[in-house]
Amino acid sequence: MTLAPRLARREPAVTVAPRAGRRGNSVMALLFLVPAFVAFGVFSYWPMIRGLLISFQETNLVDPATWVGLDNFTALGRDPLLYTAIANTLLFVGLGLLIGFPAPLILATVMSTVRKGAGVYRFLVYLPVVIPPVVAILLWKWFYDPGHGLFNELLGLIGVGPFPWLESPRTAMLSLVIQSTWAWMGSTVLIYLAAMVTIPSELYEAAQMDGASIGRRLWHITLPQLRPTIGLLLLLQLVSTTQVFTEPYVFTDGGPENSTLTILLLIFRYAFRDGAYGQAAALAFLLAIFLGLMSAIYLRATRAWSSS
């Protein structure tokens with residue numbers, strides 16, 4: 001009769017200690033997260049808020065700013081270069097999907113069948129990613145030289161060309177897409193190869209015994225098994241190609257005849273050539289909204305497809 005009350009009195013001492021320990025661990029975890037919160041706030045969130053404010057102002061970033069409301073957005077709508085930049089960006093995105101999206105998947109499928117020297121091939125595929133982008137573009141600029149460039153010299157051996165790769169509005173954007181596909185394909189190939197490791201080998205063995213070619217194995221086995229990976233990489237490519245800047249800036253500076261002028265290059269011109277920081281911030285804000293909406297719609301539309 002006296003033992004039960006004693007045990008009841010001891011129970012709070014047993015249960016309070018773990019709660020206090022968990023509370024202390026939570027406080028320590030929050031303290032460790034404080035530097036990350038400060039870094040994100042200073043270098044990510046505050047610049048976004050500041051850019052949004054500048055889009056409603058007229059400022060040279062030195063003198064006090066003047067609030068102009070929606071004037072910067074109205075000025076954007078009156079600029080014909082905006083619609084040229086939008087069309088060129090959509091063209092780059094479309095060519096990137098047509099050329100740059102299937103190429104890594106096909107190459108990864110072929111490389112997955114290689115057993116001897118696989119590490120060497122993976123190193124060679126990833127090597128362009130290691131090369132600094134500006135260095136790679138300057139190298140390809142020599143490849144594209146209409147006079148004595150590597151491509152025209154090689155094509156001349158079989159009696160073809162020469163082609164004005166970067167000098168013609170008809171071929172300039174295609175030339176940029178080919179170079180960017182070469183430069184960034186290595187990372188995507190390695191991601192596909194890592195995802196292919198998780199595919200049961202019995203599926204390929206059965207298909208090979210039935211005489212299925214690489215193309216049929218790609219269509220009936222690889223693609224269905226890689227649907228979540230393909231969906232994610234497709235979204236990342238859409239976002240990255242919409243924000244293309246380095247290639248048109250270093251290759252052609254938007255030329256010839258503004259045929260490679262993209263949205264980010266136009267933002268750069270507004271800010272650092274014309275000093276129209278308000279218009280640059282307004283266009284950047286509109287681009288961010290567009291990318292956010294596009295990503296949300298894409299993820300919602302592909303959620304059922306990826307999980308089925």
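Residues take their numbers from the sequence shown, with the count starting at 1. Side-chain atoms are counted along with the backbone in the values below, which use heavy atoms only and exclude waters and symmetry mates. Small disclaimer: the values here were computed from a predicted structure and weren't measured.
- In E153, the CD atom is crowded: over 12 heavy atoms of neighbouring residues, nucleotides or ligands sit closer than 6.0 Å.
- The OG1 atom of T229 sits 12.0 Å away from atom CG of L234, with the distance rounded to the nearest 0.5 Å.
- Across all non-hydrogen atoms, the minimal contact from Y270 to A280 is CB-CB, 3.8 Å.
- With sequence neighbours excluded, no residue forms a side-chain contact (heavy atoms from CB on, under 4.5 Å) with A194.
- Here the straight-line distance linking atom CG of N72 with atom CZ of F56 works out to 9.0 Å at 0.5 Å rounding.
- Going from atom CG of L53 over to atom CE of M48 covers 12.5 Å, rounded to the nearest 0.5 Å.
- For V239 against S295, the heavy-atom pair with the smallest separation is CG2-OG, 3.9 Å.
- Using a 4.5 Å heavy-atom cutoff, the side chains of L291 and Q243 are in contact.
- Counting only residues at least two apart or in different chains, ring pair (Phe, Tyr, Trp, His ring centres under 6.0 Å) contacts with residues 209-248 comprise F245-Y249, F245-F268.
- Scored by the side chain to side chain donor-acceptor pair (under 3.5 Å) test, D253 finds no partners at all (sequence neighbours excluded).
- Within the structure, ring pair (Phe, Tyr, Trp, His ring centres under 6.0 Å) pairs that include any residue of residues 166-189 comprise W140-W182 (at least two apart or interchain).
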Check: For M185 and V125, what are the C-alpha separation, side-chain angles and deciding distance, and is it a side chain to side chain contact (heavy atoms under 4.5 Å, CB included)?
Finding: CA-CA 8 Å; M185 186 169 57; V125 168; 5.6 Å; no

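- Going from atom CG of D71 over to atom CZ of F73 covers 10.5 Å, rounded to the nearest 0.5 Å.
- Taking every heavy atom of both residues into account, T198 and A195 meet most closely at OG1-O, 2.5 Å.
- Shown here are the side-chain contact (heavy atoms from CB on, under 4.5 Å) partners of I289, two or more places apart in sequence or in another chain: F285, L293.
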With a cut-off of 3.5 Å and sequence neighbours excluded, list every side-chain donor-acceptor pair involving residues 141-149.
| residue | atom | partner | partner atom | Å |
| --- | --- | --- | --- | --- |
| K141 | NZ | V250 | O | 3.2 |
| K141 | NZ | F251 | O | 3.4 |
| Y144 | OH | S175 | O | 2.8 |
| D145 | OD2 | G147 | N | 2.9 |
| D145 | OD2 | H148 | N | 2.9 |

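- A heavy-atom distance below 4.5 Å is not found between the side chains of L139 and V135.
- The CG atom of L264 sits 11.0 Å away from the CD atom of E247 when rounded to the nearest 0.5 Å.
- Applying the ring pair (Phe, Tyr, Trp, His ring centres under 6.0 Å) definition to pairs two or more places apart or across chains, none involves residues 222-243.
- The main-chain N or O of G41 is never found under 3.5 Å from a side-chain atom of S44 such that the two would form a donor-acceptor pair.
- Residues satisfying the side chain to side chain donor-acceptor pair (under 3.5 Å) criterion with T241, sequence neighbours excluded, are absent altogether.
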Side-chain atoms of residues 81-109: list all donor-acceptor pairs with protein atoms under 3.5 Å, sequence neighbours left out, distances to 0.1 Å.
| residue | atom | partner | partner atom | Å |
| --- | --- | --- | --- | --- |
| Y83 | OH | G77 | O | 2.9 |
| T84 | OG1 | P80 | O | 3.4 |
| N88 | ND2 | T84 | O | 3.2 |
| N88 | ND2 | N258 | O | 2.7 |
| N88 | ND2 | L261 | O | 3.0 |
| T89 | OG1 | A85 | O | 2.7 |
| T89 | OG1 | I263 | N | 3.1 |
| T109 | OG1 | L105 | O | 2.8 |

Next item on the list: Mind running side chain to side chain contact (heavy atoms under 4.5 Å, CB included) on V189 and Y126 for me, showing each step along the way?
Entry: CA-CA 8 Å; V189 170; Y126 192 75; over 6 Å; no

Please tabulate, one pair per line, all N/O donor-acceptor pairs under 3.5 Å involving side-chain atoms of residues 163-173, not counting sequence neighbours.
| residue | atom | partner | partner atom | Å |
| --- | --- | --- | --- | --- |
| W165 | NE1 | N152 | OD1 | 3.2 |
| S168 | OG | R170 | N | 3.3 |
| T171 | OG1 | P164 | O | 2.9 |
| T171 | OG1 | W165 | O | 2.9 |

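- Residues passing the side chain to side chain donor-acceptor pair (under 3.5 Å) test with T252, sequence neighbours excluded: T260.
- No continuous path of ILVMFWY side-chain contacts below 4.5 Å connects L52 to W46, so the two sit in separate hydrophobic clusters.
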Next item on the list: Start with the C-alpha distance between L283 and Q279, add both sets of side-chain angles, then the distance that settles side chain to side chain contact (heavy atoms under 4.5 Å, CB included), and finish with yes or no.
Entry: CA-CA 6 Å; L283 184 53; Q279 289 181 237; over 6 Å; no

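- In the hydrophobic clustering of this structure, F123 does not group with L190; members are Ile, Leu, Val, Met, Phe, Trp, Tyr whose side-chain heavy atoms approach within less than 4.5 Å, directly or through other members.
- For D63, the side chain to side chain donor-acceptor pair (under 3.5 Å) partners two or more places apart in sequence, or in a different chain, are N60.
- Residue L193 comes nearest to S112 through the heavy atom pair CD2-N, 4.0 Å, listed as atom of the first residue, atom of the second, then distance.
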Note to self: Using the rule given for side chain to side chain contact (heavy atoms under 4.5 Å, CB included), can you reason through R227 versus L223, listing the C-alpha separation, both sets of side-chain angles and the distance that settles it, and then say yes or no?
What the structure shows: CA-CA 6 Å; R227 280 186 296 181; L223 290 181; over 6 Å; no

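- A 4.5 Å side-chain heavy-atom check between Q237 and L233 finds every atom pair outside the cut-off.
- Residue I131 is grouped with residue L176 when hydrophobic side chains (ILVMFWY) are merged at heavy-atom distances under 4.5 angstrom, including chains of intermediate members.
- The hydrophobic cluster containing L203 does not contain M209, counting ILVMFWY residues as joined when their side-chain heavy atoms lie under 4.5 angstrom apart, directly or transitively.
- Under a hydrophobic clustering in which Ile, Leu, Val, Met, Phe, Trp and Tyr are joined whenever their side-chain heavy atoms come within less than 4.5 Å, directly or via other members, L235 and I191 fall into the same cluster.
- Taking CZ of R122 as the start and CG of L127 as the end, the distance is 16.0 Å to the nearest 0.5 Å.
- When every heavy atom of T59 is checked against every heavy atom of L61, the shortest pair comes out as OG1-N, 2.9 Å.
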